Amino acid sequence: MALAFETGRGDAMEGIDFEKNAAWCDADHSGEAFDRALEDGGEDATCALGVLRRDVARVAGDLEIWFGYSSNFRDVDANEKKAAKKAAKRFATLSAVGGDADDGDDDDASAVDRAVLGFGAVMASTGEAFFLRAANRATTRARLEKIFAKCRVVTYHAQDIVHAAMDAGVTGVDASTTRVVDCRIDAWLANPDRAYDGGIADTGACKDASWSDALGCFQSDLTAALSFVPRGDAPLARDVEAKVAVALGVLQHHGVGFDRTRADEQRRAANRRVEELEREAQKCIGVDINLASAQQVADVLYNKLKLPTPSAHAMKGSKSSHLSTSVEVLQSLVKHHHFAQIVLNHRGALKERAMCDNYDKSAVIAADGRARIHTQWNNTKTATGRLSSSHPNIQQVGRGTMRNCFVAPTGRTFIAADYSQIELRVLAHLSGDDRLISLLRQAKGDVFVAIWNAGKGLPLDAPAEKSTRDIAKRTAYGIVYGQHATGLAEKLGVPKSEAQGYIAAFHRAFPKVNQWITRVLQRAEQTGAVTLPMSGRHRALPKIHSKVFSERSEAQRQAVNTIIQGTAADMMKTAMLRWTSAVGAGRFANDVAPGSVNKKRVTLVAQIHDELLFEVDEDYVPECARAVKNVMENAIKLAVPTPIKLAVGTSWGELREEDSAVDEATHLIEA
DNA sequence: AGGAATATGATGCGG
DNA sequence: TCCGCATCATAT
C-alpha cells in the first residue's frame, strides 16, 4: 500500500496539509452534508470506508515517514509492492528493536511514532467524500458509529478498520448486524493460495509521493472500491467471511490478558538453562561451538565424535548436503553420546526464551495497568480457510509453561472450549461411512480405542493398550492427510508392511471413506479444483494434472485435506458468528437468541483452530458455559455429534475440565 | 576484504 | 502428511 514516502521532514510530524485538502477534510463541521449524504442513501446507503495511518521512524538521524491505508482493491505493480513491503518490514523491525524510545542522537534506527491520522468515507449515493480526522475525536467517533449502524460498509480490510475504529473510541460495533463488503476477501476467495497481506504491504500505492497525494490517492481508492460492491445477493461464503472479519476486528481490539512478571521469570529461567547448557557442552566436547547451528552440531556429531550416521533421512537437501540433526536423529544418538541430549535441551531452552521475548515485547499496558496482547487476526491467509494469527502468533503458544503467562483479568476466568476430533467427525459425515458414523454416535469411551477395535473386529468398547490406541489415532489422521504407508511407518517406527496393514484395516473397517476419497479425486481431476460442500469456497489445484508424480500426489493430498480441514474451519466460523449473535442484536440462527448472552460479562479473546477462548466474569461461568456449548455443538448438523470439551481456569495453562455441571444443566433444559 | 540487506532452509511450536 | 508463524544460521 501505500505510500507516500519522504525523508528529513521531522518538522511536519502531522505530515499532511489538511487545510489544502479542505474539500474533503472535515470542513463540514456541522455535519449537515454528512447526514444528508447518509439520508440520501436510504436503506441501501453504501459507504466506502478506510483508515489512513502514518508511521515515523528515525533512520541514521533523519526521520522517515510512511503513509499507509486500508481501503482499496487496486492491484499494484511488482515494484511498488516490493517497495511498500520493504518499508513495512523495516518499520516493524525498527519498532521491535528501538521500542518507543527516540531520545538518543545516535545513528541507530528507532521507531518514533505511529498513528492513525483519520478515516476516509465516500458515499455511494452522492460520491461525496469525508475525511474524519482522528484528532477530532468526538466528531469522528459519532460519524463512524453512524456509518457502521446505517450503511453497507465497503472496505479493503474489514478487521483492520473495525479495530482502528474501536481504538478510536467507537463502541457498539456489532458483527451480527454490521453489513460489510470486504474486497480483499473477494480476492482471497478467488485465489486462496495467495496469502493476502494486510495494510501497508498490499494495497494501492502513490506513484508521485507527496503529502497531498497520499490523501488524494486514498480518496480515489475509496471511490474505486465502491465499484466492487456486489450486485444482488452475495454468495454465502463472501457474506460469512466479511462478518467473520468484523468479529476478528473486535477480537483484536479486546486482546488477551498477559502477565509480564510471569513471562519475565520464565524468560530468565530459560536464559539460565541456555547458558548452563552452553557451558556443559563446552565441557562435554572440549570445544566451543554455536549449539544453534545445525552445521556445527553435525560436524561435532559425525566428524569429531564419529557417531553412526542415521540411515533414515541422513542427508538433507543436495545444496548444503550435510547430515541431519533433527529431533528424531538426535534422540536416536542420545544412547551413544550425552552431547546429543545437551543439544536437544539447548534447543528447547532457546525456543522458550525466544517465545517469552516475542510475547512479552508485544504486550501493551492497558488503562487498568494490566498487560494485554493484541494479536493480528487474519482470515485471508490460508489456503484451506482456517484463520491465522501473527504479531505475535497466539495459535502456536506452547502447551508447556508459556500458557501460564496468559491470565484472565481480576474477577474473571478463562473458559476454553475445544471441539473433539473435529476433522475425524467431518470425515465421517462427508464420507457417509455407516460404521464410522455409528461409532462416533455411540460416544462411549475413547474414540481411537473404538477405531482400533473396529479394525480388529473386536467389540468397540474392548480394552486396548495406549500404544495401540495411538497407532489408531495416527492412522486415522494419516488418512485425513493423505499419508502413505511409508510415511506412517516412519512416524510409528514400524516396518512399512505393518503400517500398510493398519491402513488396510482402517479401510476394511470403514470402506466408504476410501470410496469418498476416490470421488473427491475424480472430481478434482475433472474440474482442476475442489469445492467445499458447506460454504462453496473453492481452491484451484492445477498440479492435479501434473505429469510429475510427486506434484500430482501433493495436489491429491491437498484436495482431500482441503475439504476436511476447510469444512472444520467453516464449522468454527459458523460457531463464531452464532456467538456474535448471542452477544449481539442480529439473528444468525433460530436457536441462538440475539442478546441472550450478556456481552459485558464475557469476551471472546482467541480462536485456536478447534478451540475458542473466553474471559468470563467468575459468577457468570455456568450460564456462559451453557451458551458456549449450544453455540458450538449445534453450529452445524452433521451425521455425527460434534461435542466440545470445556475447561475453566484463571490462566490458559492451568485449566481444569469442567463439563459435568454443564452437561447436567443442558440435559435439564433439553428435557 | 567485509558489512548490510535479502532470501532460503532447518528447526520447532501449534492445530 | 495437511495448514500455519517465528527464530536462527547461512549463502548470496
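Each chain gets a letter, A, B and so on, in the order the sequences are listed, and its residues count up from 1. Keep in mind that what you see is a predicted model, and the values were worked out from it rather than measured.
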(request) Check every atom of C:dC8, B:dG12, C:dC2 against the side chain of A:Ala354 and return the nucleotide holding the closest atom. (result) C:dC8
(message) Please report the distance, rounded to the nearest Å, between NZ in A:Lys381 and P in B:dG15.
(response) 21 Å
(request) Find the distance A:Leu387:CG to C:dG4:C1' and express it as a whole number of Å. (result) 11 Å
(message) Can you confirm whether or not the ring centre of A:Phe614 sits under 6.0 Å from the ring centre of A:Phe414?
(response) no
(message) Is the phosphate of C:dC3 approached by A:Thr382 (side-chain N or O, under 4.0 Å from OP1 or OP2)?
(response) no
(message) How many whole angstroms separate atom CG of A:Asn378 from atom P of B:dG15?
(response) 19 Å
(message) Does A:Arg399 contact B:dG14 through a side-chain donor or acceptor facing the base, at a distance under 3.5 Å?
(response) no
(message) Classify the ring geometry of A:Phe406 against A:Phe258: parallel below 30°, tilted from 30° to 60°, perpendicular beyond 60°.
(response) perpendicular
(message) Going by salt bridge (Lys or Arg N to Asp or Glu O under 4.0 Å), name the residues that satisfy it together with A:Glu611, two or more places apart in sequence or in a different chain.
(response) none
(message) Counting only side-chain heavy atoms from C-beta out, which of C:dC2, B:dG14, C:dA6 sits nearest to A:Ser390?
(response) C:dA6
(message) Within the 4.0 Å heavy-atom criterion, would you say A:Gly478 contacts the bases, only the backbone, or no part of the nucleic acid?
(response) nothing
(request) Consider the side chain of A:Tyr481, meaning its heavy atoms from C-beta on, and name the nucleotide among C:dC8, C:dC2, B:dG14 that approaches it most closely. (result) C:dC2
(request) Would you mind reading off the distance between A:Tyr359 atom OH and B:dC13 atom P, rounded to a whole angstrom? (result) 12 Å
(request) Have a look at A:Arg386 and say if it touches a base, only the backbone sugar-phosphate, or nothing, with a 4.0 Å heavy-atom cut-off. (result) base
(request) Remember a base hit wins even if backbone is also touched, and classify A:Val560 as base, sugar-phosphate or nothing at under 4.0 Å, heavy atoms. (result) nothing
(message) I'd like to know if A:Arg386 and A:Glu423 make a salt bridge, using a cut-off of under 4.0 Å between side-chain N and carboxylate O.
(response) yes
(request) Mind calculating the distance between CE (A:Met355) and C1' (B:dC13) to the nearest angstrom? (result) 4 Å
(request) For A:Gln558, report the nucleic acid contact type (base, sugar-phosphate, nothing); a contact means any heavy atom under 4.0 Å. (result) sugar-phosphate
(request) Grab the CD-P distance between A:Gln607 and C:dG4 for me, whole Å please. (result) 14 Å
(request) From the options C:dT1, B:dG12, C:dC3, select the nucleotide whose nearest atom is closest to the side chain of A:Arg347. (result) B:dG12
(message) Under 4.0 Å between a side-chain nitrogen and a carboxylate oxygen: does that hold for A:Arg279 and A:Glu276?
(response) yes
(request) Measure from the ring center of A:Phe506 to the ring center of A:Phe510 and say whether it is less than 6.0 Å. (result) yes
(message) What's the closest nucleotide to the side chain of A:Asn393 if the choices are B:dG12, C:dC5, C:dT1?
(response) C:dC5
(message) OP1 or OP2 of C:dT1 versus the side-chain N and O atoms of A:Arg557: is any pair under 4.0 Å?
(response) no
(request) Classify the nucleic acid contact of A:Arg353 as base, sugar-phosphate or nothing, counting any heavy atom under 4.0 Å across all strands shown. (result) nothing
(message) In whole Å, I'd like the distance from the CG atom of A:Asp610 to the C1' atom of C:dC3.
(response) 13 Å
(message) Please determine whether any donor N or O and acceptor N or O are separated by less than 3.5 Å between the side chain of A:Gln565 and the base of C:dC3.
(response) no
(request) Find out whether the Lys NZ or Arg CZ of A:Arg469 is both under 6.0 angstrom from the six-membered ring centre of A:Trp452 and within 45° of the ring's axis. (result) no
(message) Quiz question: by atom type and distance under 3.5 Å, do the side chains of A:Glu352 and A:Thr401 form a donor-acceptor pair?
(response) yes
(request) Please state how far atom CG in A:Asn561 lies from atom P in C:dG4, giving the value in whole angstrom units. (result) 10 Å
(request) State which of C:dA6, B:dG14, C:dG4 makes the closest approach to the side chain of A:His609. (result) B:dG14
Between the protein and nucleotides 10-12 of chain C, which nitrogen or oxygen pairs come in under 3.5 angstrom?
| from | atom 1 | to | atom 2 | distance (Å) |
| --- | --- | --- | --- | --- |
| C:dT10 | OP1 | A:Ser293 | OG | 2.6 |

(request) Kindly write out the residues that satisfy side-chain contact (heavy atoms from CB on, under 4.5 Å) with A:Ala524, not counting sequence neighbours, or none if the list is empty. (result) A:Val530, A:Ile544, A:Ala559
(message) Please classify the nucleic acid contact of A:Ser389 as base, sugar-phosphate, or nothing, using heavy-atom distances under 4.0 Å.
(response) sugar-phosphate
